[in-house]
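What follows is one structure encoded as structure tokens, with my remarks underneath.
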Number of protein chains: 2
Amino acid sequence: MPSAKRTKPMRRGIASGSAAVALTRQAEDYLKTIYEIERNGDAAATTLIAARLHIAPASVSGMVRRLARQGLVEVERYRGARLTIRGRRRALQMIRRHRILESYLVTRLHFGWDGVHEEAERLEHAVSPDLIERMAAALGHPAVDPHGAPIPRADGTVDDMRLRTVGDLAVGRSARVARMSDRDPALLRYLGELGIRPGVSLRLVDRAPFEGPLTVAVGRMRHIIGTAVARQVYVR
Amino acid sequence: MPSAKRTKPMRRGIASGSAAVALTRQAEDYLKTIYEIERNGDAAATTLIAARLHIAPASVSGMVRRLARQGLVEVERYRGARLTIRGRRRALQMIRRHRILESYLVTRLHFGWDGVHEEAERLEHAVSPDLIERMAAALGHPAVDPHGAPIPRADGTVDDMRLRTVGDLAVGRSARVARMSDRDPALLRYLGELGIRPGVSLRLVDRAPFEGPLTVAVGRMRHIIGTAVARQVYVR
DNA sequence: CCAGAAAGTTAGCAGCTACTAACTTTCATC
DNA sequence: GATGAAAGTTAGTAGCTGCTAACTTTCTGG
């Protein structure tokens with residue numbers, strides 16, 4: 001079952017040119033997490049990485065050091081981590097895998113959009129590039145996943161524009177739902193019940209004072225949603 | 001990305017009733033390997049496990065002890081390991097996953113039958129039972145995989161009868177190819193070129209003396225194959 | 001039966017990834 | 001600018017999985 005080529009320590013000065021080095025599941029998750037945090041501009045803070053991965057901050061320091069040793073991140077002590085070019089390439093590869101997997105599972109194996117995330121999360125570390133490209137081809141190379149998130153291209157580029165959320169909408173304004181987080185199945189189910197999914201149009205009818213709940217119109221239904229929910233629904 | 005429930009040591013006296021405990025990739029591979037070795041009747045010898053997994057015998061002793069601690073194998077010191085009921089169930093679950101994955105990849109994603117093994121080998125540790133059952137359903141619950149190997153049922157039973165190989169055939173006898181090993185892509189490609197695959201009929205035309213090469217007729221072609229190859233092709 | 005070979009085990013080491021506890025640095029606020 | 005809180009790091013521990021080296025047990029063939 002292994003076909004295992006011993007993965008020896010195999011140190012090198014410049015940490016190998018570019019040919020995707022074998023990384024552990026964990027290392028790949030760190031890279032993805034750092035990528036997502038970094039999208040907000042700043043270096044990824046230890047505590048944020050720890051919180052997203054549900055591990056202790058102390059554990060992050062160690063792993064980040066290992067990633068730095070492999071040339072995947074740059075660290076400034078007490079200041080957080082940033083992906084290197086190679087790190088970013090790898091992070092985007094994982095995200096591409098994740099989103100293609102989600103798309104495939106939803107359209108070809110009838111997974112619910114609220115349940116795919118977890119499955120894709122495990123599979124993304126096990127699939128070969130060949131399999132991913134076969135899935136992408138079978139799907140006709142989709143540009144977005146079932147949650148509306150853009151799928152990075154095989155060459156490592158993405159169109160990942162920053163979108164407004166329902167929470168940013170001015171009262172009375174309409175917008176089309178573009179995307180929502182895939183992380184929380186319960187939230188997705190809830191939104192699904194309200195008819196809120198990528199593609200539908202909605203209008204912000206009212207906003208209670210002091211960061212209070214919002215009233216949105218979807219079709220001819222009205223729903224009252226909390227601000228936390230409103231922040232998870234991206235519109236265009 | 002983790003949705004990680006901390007996997008605490010969590011010791012128990014009887015090692016949990018039956019609800020599939022989380023195992024590492026390695027542990028799962030050991031179970032599969034032991035299962036396959038045990039099919040020959042004897043307890044699985046340390047050296048054999050080591051050879052199949054391409055690791056040192058010393059490493060096997062340690063892992064086998066851990067598997068025993070978890071109630072998955074029984075060990076008699078210096079005598080080898082045997083699967084417990086739970087261990088066997090788990091091994092068969094992995095084999096089911098592997099074979100359904102191979103079937104799915106070949107029929108739905110156009111993988112060559114010589115290349116699927118490795119992909120399935122990685123995926124089998126990452127797929128959920130739900131995904132496997134969806135794939136099985138999509139394929140119409142096949143009984144055998146693309147190499148002719150029987151797919152264990154979801155309830156953990158298999159019809160795994162011992163078959164003769166081409167090497168066992170008497171000169172002049174015909175038989176239908178039932179199955180072949182999925183392990184060696186080069187061998188599979190070679191057999192494919194000879195037109196030898198599950199379902200085709202062949203006849204043993206001649207057998208050179210002293211364990212020498214065999215001449216087989218496939219359709220109206222004749223091929224001379226070595227005994228090592230002949231032992232890998234199962235017939236019925 | 002007994003000696004050498006083969007098989008198997010233990011001991012000690014290393015790297016990974018996580019933990020807690022204790023310490024250091026940085027930040028925010030007065 | 002000092003100071004306490006927050007953030008981050010190090011040190012030490014633990015389990016997993018692999019390794020090699022050295023030792024023990026079992027087998028095999030004279």
Side-chain angles (χ1 to χ4, degrees), chain A residues 1-12 15 21-34 37 40 42-70 72-82 125, chain B residues 1-12 15 21-34 37 40 42-70 72-82 125:
Chain A
M1 9 250 57
S3 133
K5 264 57 178 178
R6 209 80 326 289
T7 305
K8 275 286 171 51
M10 207 267 270
R11 205 50 83 67
R12 312 194 172 200
V21 180
L23 293 183
T24 60
R25 190 175 306 30
Q26 291 92 325
E28 289 177 339
D29 280 341
Y30 273 79
L31 293 179
K32 266 177 60 179
T33 303
I34 293 169
I37 294 172
N40 294 329
D42 307 322
T46 301
T47 327
L48 277 181
I49 300 173
R52 292 237 194 177
L53 293 173
H54 304 297
I55 59 183
S59 308
V60 173
S61 296
M63 176 62 104
V64 159
R65 193 168 32 243
R66 282 190 294 275
L67 293 174
R69 182 153 56 65
Q70 295 185 77
L72 296 161
V73 302
E74 277 172 0
V75 204
E76 203 183 336
R77 231 156 140 263
Y78 292 103
R79 286 263 124 88
R82 271 177 197 287
H125 305 293
Chain B
M1 348 310 0
S3 134
K5 265 60 178 175
R6 206 85 323 291
T7 305
K8 273 288 171 52
M10 209 267 270
R11 204 51 83 67
R12 312 194 171 200
V21 180
L23 293 182
T24 60
R25 188 179 309 29
Q26 290 94 325
E28 289 177 339
D29 280 341
Y30 273 78
L31 293 178
K32 266 176 60 178
T33 302
I34 293 168
I37 294 172
N40 296 328
D42 306 322
T46 301
T47 327
L48 277 181
I49 300 173
R52 293 237 195 176
L53 293 174
H54 304 297
I55 59 182
S59 308
V60 173
S61 297
M63 177 62 104
V64 160
R65 193 169 31 243
R66 281 189 294 274
L67 293 174
R69 185 155 51 68
Q70 295 185 77
L72 295 162
V73 303
E74 276 171 3
V75 204
E76 202 182 337
R77 235 161 137 257
Y78 292 103
R79 286 260 125 90
R82 273 179 196 288
H125 305 294

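Every value quoted in this text rests on a predicted model; they were computed, and no experiment measured them.
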- Note on the structure: Atom CE of M63(A) and atom P of dT17(C) are separated, to the nearest Å, by 4 Å
- How many angstroms lie between CD in E28(B) and CG in L67(B), if you round to the nearest 0.5 Å? 10.5 Å
- Measure the distance from CG on D29(A) to P on dA18(C) and round it to the nearest whole Å. 9 Å
- Rounded distance (nearest 0.5 Å) linking atom NE2 of H125(B) with atom CD of Q26(B): 8.5 Å
- In whole angstroms, how far is the P atom of dT17(C) from the CD atom of Q70(A)? 8 Å
- Between atom CD1 in I37(B) and atom C1' in dA7(C), what is the gap in whole Å? 14 Å
- Item | L53(A) CG - dC16(C) P separation (whole Å) | 18 Å
- R69(A) side chain N/O closer than 4.0 Å to the phosphate oxygens (OP1, OP2) of dC16(C)? yes
- Message: Return the CE to OG1 distance between M63(A) and T46(A), rounded to the nearest 0.5 Å.
- Response: 13.5 Å
- Message: In whole Å, I'd like the distance from the CD atom of E28(B) to the P atom of dT17(D).
- Response: 11 Å
- Message: Is there a side-chain contact between L23(B) and L72(B) in this structure, where contact means two heavy atoms from C-beta onward sitting under 4.5 Å apart?
- Response: yes
Polar atom pairs (N or O), protein with nucleotides 9-14 of chain D, under 3.5 Å:
residue: dT9(D); atom: OP1; partner: Y78(A); partner atom: N; Å: 3.4
residue: dT9(D); atom: OP2; partner: T46(A); partner atom: OG1; Å: 3.0
residue: dT9(D); atom: OP2; partner: S61(A); partner atom: OG; Å: 2.7
residue: dT9(D); atom: O3'; partner: R77(A); partner atom: NH2; Å: 3.3
residue: dT10(D); atom: OP1; partner: R77(A); partner atom: NE; Å: 3.4
residue: dT10(D); atom: OP1; partner: R77(A); partner atom: NH2; Å: 3.3
residue: dT10(D); atom: OP2; partner: R65(A); partner atom: NH1; Å: 2.7

- Separation between CD1 of I34(A) and CG of L48(A), rounded to the nearest 0.5 Å: 11.0 Å
- Item | Any Y30(B) side-chain nitrogen or oxygen under 4.0 Å from OP1 or OP2 of dC16(D) | no
- Between P of dT17(C) and NE2 of H54(A), the distance in whole Å: 18 Å
- Write down the distance between CZ (R52(A)) and P (dA18(C)), rounded to a whole number of angstrom. 17 Å
- Query: OG/S61(B) to CD1/I49(B) distance, rounded to the nearest 0.5 angstrom?
  - Reply: 9.0 Å
